[in-house]
Amino acid sequence: MKVCSWNVNSVRARINNIKNYIKLSAPDVLMLQEIKTEEKNFPFNEFKELGYNSYVFGQKSYNGVAIIAKKKIIDVDTGFLKDEKSQSRIIVGNLINKSKKILIINIYAPNGNPVETDKYTYKINWYKNFIQKIKKQILINKNIIIGGDFNIIPENIDVYNHMKYENDALFKIEIRKKYRELINLGFVDVFRYFYKDKQDYTFWDYMSGAWQKNNGMRIDHFLASNNILGNIKSININKKPRSREKPSDHTPIELEFN
DNA sequence: ATGGCCGAGATCCTCGGA
């Protein structure tokens, strides 16, 4: 089973890149973030033609998440978290894998910059609520995968120049603590679990040649609950899509398990 | 056409991104 996650920065602007990626990588499940469109304008047919069902929580212009999958996703829920700004940031559903039910949680967490504005308090509150919700959920279902754009740089190694980001909403101690809190509920950061010292990024700014200079950061993650950690075979950051024409500023992360 | 990327949507630039 291959589950992938990709912040595509507009599903409509990126449709050819996404279709190309699906053909090459053949994910069973693809979690998308920042689709930047309402459900009525989502390209359902384009994915249907490739053999995928789409489950969409859209929003006009900003945010928006979706799950596209070869198999049926059941109990799809777009009301998992009450969002104080009514933004479309989470879609969840159950995946049946070898008669085991796995809860897939696809998130697009708030950015939080600039830190002196209510954007930052919104991010902190969003994570507070999310952590509370996961705390309850892990009691109900022990098999959980949380994937997506967390907008958190976990450690120094996860950004090209950590000194520059000390007061940034992606790297402030306060926000990194939220990441630790989440993990302490019974999860592992799968990439870091498999690669203790590897410096690898999932995002490179469009500005000032960040990609060419490898000025990146690791802000897209897969957290797996301890109960399913033993089933995970591999995790990979696939940098190819970031190198192509008209790319998203993020690149996909890929999780394989049995 | 829009600041130096980008995208969406509205207006001839702003907001949001990270």
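Letters A, B, ... mirror the listed sequences (proteins, then strands); counts begin at 1.
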So, OP1 or OP2 of B/dG9: does either fall under 4.0 Å of a side-chain N or O from A/Arg12? yes
Just checking, A/Lys213 and A/Tyr160: is the charged tip under 6.0 Å from the six-membered ring centre and within 45° of the axis? no
With distance as the sole criterion, is a donor-acceptor pair present between the side chains of A/Tyr127 and A/Glu181 under 3.5 Å? no
Distance, rounded to the nearest Å, where A/Asp158 contributes CG and B/dA18 contributes P: 16 Å
From the list B/dA18, B/dG7, B/dC5, which nucleotide is the closest neighbour of the side chain of A/Tyr206? B/dC5
Which whole-number value in Å describes the distance from A/Lys172 NZ to B/dA18 C1'? 15 Å
ring-ring contact (aromatic ring centres under 6.0 Å, His included): pairs with one or both residues in residues 231-250 of chain A, sequence neighbours excluded: A/Phe203-A/His250
Please state the C1' separation for the pair B/dA10 and B/dG16 - nearest whole angstrom. 15 Å
Across the strands shown, which category fits A/Asp149 at heavy-atom distances under 4.0 angstrom: base, sugar-phosphate, nothing? sugar-phosphate
Is there a side-chain polar atom (N or O) of A/Lys60 under 4.0 Å from OP1 or OP2 of B/dA10? yes
Quantified in whole Å, what is the P atom distance between nucleotide B/dC15 and nucleotide B/dA1? 22 Å
Can you find a side-chain donor-acceptor pair between A/Asn238 and A/Tyr21 that sits under 3.5 Å? no
If you measure only the distance, is there a donor-acceptor pair under 3.5 Å linking the side chains of A/Asp168 and A/Asn113? yes
Atom CD of A/Gln59 and atom C1' of B/dG17 are separated, to the nearest Å, by 13 Å
Under 4.0 Å, counting only non-hydrogen atoms across every strand here, what does A/Tyr165 touch: a base, just sugar-phosphate, or nothing? nothing
Round to the nearest Å and state the distance from A/Arg242 atom CZ to B/dC5 atom P. 13 Å
Does A/Arg14 place a side-chain N or O at less than 4.0 Å from the phosphate oxygens OP1/OP2 of B/dC6? no
Starting at atom CG of A/Asn9, determine the distance to atom C1' of B/dG17, rounded to an integer number of angstrom. 8 Å
Side-chain contact check for A/Tyr108: nearest option of B/dA18, B/dG9, B/dG16 is B/dA18
Select one nucleotide: of B/dG9, B/dG4, B/dA18, the one nearest the side-chain heavy atoms of A/Asn151. B/dA18
Measure from CD on A/Glu245 to P on B/dG7 and round the result to the nearest Å. 12 Å
Check every strand shown and say whether A/Asp220 touches a base, only sugar-phosphate, or nothing at a heavy-atom separation below 4.0 Å. nothing
So, applying ring pair (Phe, Tyr, Trp, His ring centres under 6.0 Å) with A/Phe191, which one of A/Tyr195, A/Tyr193, A/Phe194 is it? A/Tyr195
Between A/Met217 and A/Lys246, which residue's closest nucleotide on DNA chain B lies nearer the 5′ terminus? A/Lys246
Phosphate OP1/OP2 of B/dA18 contacted by A/Tyr120 side-chain N/O (<4.0 Å): no
Touch check for A/Asp249, heavy atoms < 4.0 angstrom, all strands: base, sugar-phosphate only, or nothing? nothing
Using a cut-off of less than 4.0 Å, is there contact between a side-chain N or O of A/His250 and OP1 or OP2 of B/dA18? yes
Would you mind classifying the nucleic acid contact of A/Phe171 as base, sugar-phosphate or nothing, using non-hydrogen atoms under 4.0 angstrom? nothing
Measure from CD1 on A/Ile15 to P on B/dA8 and round the result to the nearest Å. 12 Å
5' priority, DNA chain B, between A/Phe203 and A/Ser208 [closest heavy atom]: A/Ser208
For atom CH2 of A/Trp211 and atom P of B/dC6, their distance in whole Å: 14 Å
